[in-house]
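Heavy atoms only: backbone and side chains are in, while hydrogens, waters and symmetry mates are out. Both counts, for ligands and for their atoms, begin at 1 and track the order of listing.
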Amino acid sequence: IAEAKVSVLDRGFMFGDGVYEVLPAFGDRIFALDRHMARLERSLSALGIDNPLARAEWHDVLSRVLENYGATGKSVYIQVTRGVAARDHVLRSDVVPTVFVMCTEQRKSEPKPVVAITREDIRWQRCDIKVTSLLANVMLRQEAEDAGAFETILVRDGHLTEGAASNVFVVQDGTVKTPPYSEHLLPGVTRDIVVELLVQASIACEVSPITREELHAADEVWLTSSTRDILLVSKLDDRMIGSGGGGQMWSKASGLYLAYKHDQLSIEAQ
Ligand code: PDD
């Protein structure tokens, strides 16, 4: 990290003109690698940045980064920016993308249910692309931090979109629900896997719009992300969620998800 250098004219620095991925890893294995690579390709193509590496080359870079990083539980961060060019809003075709990959130690997952707040979703209309320009997300997430909460859950035009750095699920009367994809939320790798596992386990799961009122009246609220798995929210805007059932459905979903993740990563049950 101390030796890595990037030009001050890199468009990632100048304009936030780049995309990224965060992949959970254990030892030399990456969880859901293909899904993350597919999303990276989709983000790059949405911005018209040529993918600088073929899949096999990506795999090689990732293996080398994992090999050189000691900890077992870790996250890999990939960033691709459009590259270095004289500062100009207008895009040039002869720019070479900048690639940055690093490993960090996996944060300890939150042992207890977390507290969240809701805010208006003030972000742009392409939240489906995983771009590095995250200023609105940073400001919204900071509002949670300042309120002593863990996450800010976003509402646009009266409907739940996602968290500042997570996707959101609610449980109502035994049915698990999460909002459908649109330009207002990120297609989450964890969210997709959770939906698939619930369907496989014949647990009622609906992908449909969720109003602010439904969010506040939910029996359970969960947050999903690659770095946090599935977190249960106990309190939203200073009100307890549900009837204090202790997140029975969350417990099931979390069990299914962690069993699947550990199986994919060949981690022995602890
Ligand atoms: N963020 N929505 C947003 C806005 C996010 O930033 C993230 C994850 C997610 C969850 O996506 P996934 O399950 O694919 O990690 C949803 C990463 C972890 C981050 O920015 O660090």
Sequence neighbours excluded, the answer for salt bridge (charged side-chain N to carboxylate O under 4.0 Å, His left out) partners of Arg126 is Asp128
Rounded at 0.5 Å granularity, tell me how far CZ in Arg228 sits from CZ in Phe150. 3.5 Å
Out of Arg191, His184, Arg123, which one pairs with Glu162 under the side chain to side chain donor-acceptor pair (under 3.5 Å) rule? Arg123
According to salt bridge (charged side-chain N to carboxylate O under 4.0 Å, His left out), who are the partners of Glu41, at least two apart in sequence or on a separate chain? Arg55
Validate the cation-pi geometry between Arg64 and Tyr69: distance from NZ or CZ to the six-membered ring centre under 6.0 Å, angle to the ring axis within 45°. no
Which atom pairs, nitrogen or oxygen on both sides, join ligand 1 and the protein at under 3.5 angstrom?
residue	atom	partner	partner atom	Å
ligand 1	1 (N)	Lys130	NZ	3.3
ligand 1	2 (N)	Glu162	OE1	2.7
ligand 1	13 (O)	Thr190	N	3.0
ligand 1	13 (O)	Thr190	OG1	2.5
ligand 1	14 (O)	Arg39	NH1	2.8
ligand 1	14 (O)	Arg39	NH2	3.0
ligand 1	14 (O)	Val189	N	2.8
ligand 1	15 (O)	Ser226	N	2.9
ligand 1	15 (O)	Ser226	OG	2.7
ligand 1	20 (O)	Tyr20	OH	2.6

Going by side-chain hydrogen bond (donor to acceptor under 3.5 Å, both in side chains), name the pairs with one or both residues in residues 5-17, residues two or more places apart or in two chains. Asp10-Thr81, Asp10-Thr98, Arg11-Asp17, Asp17-Arg82
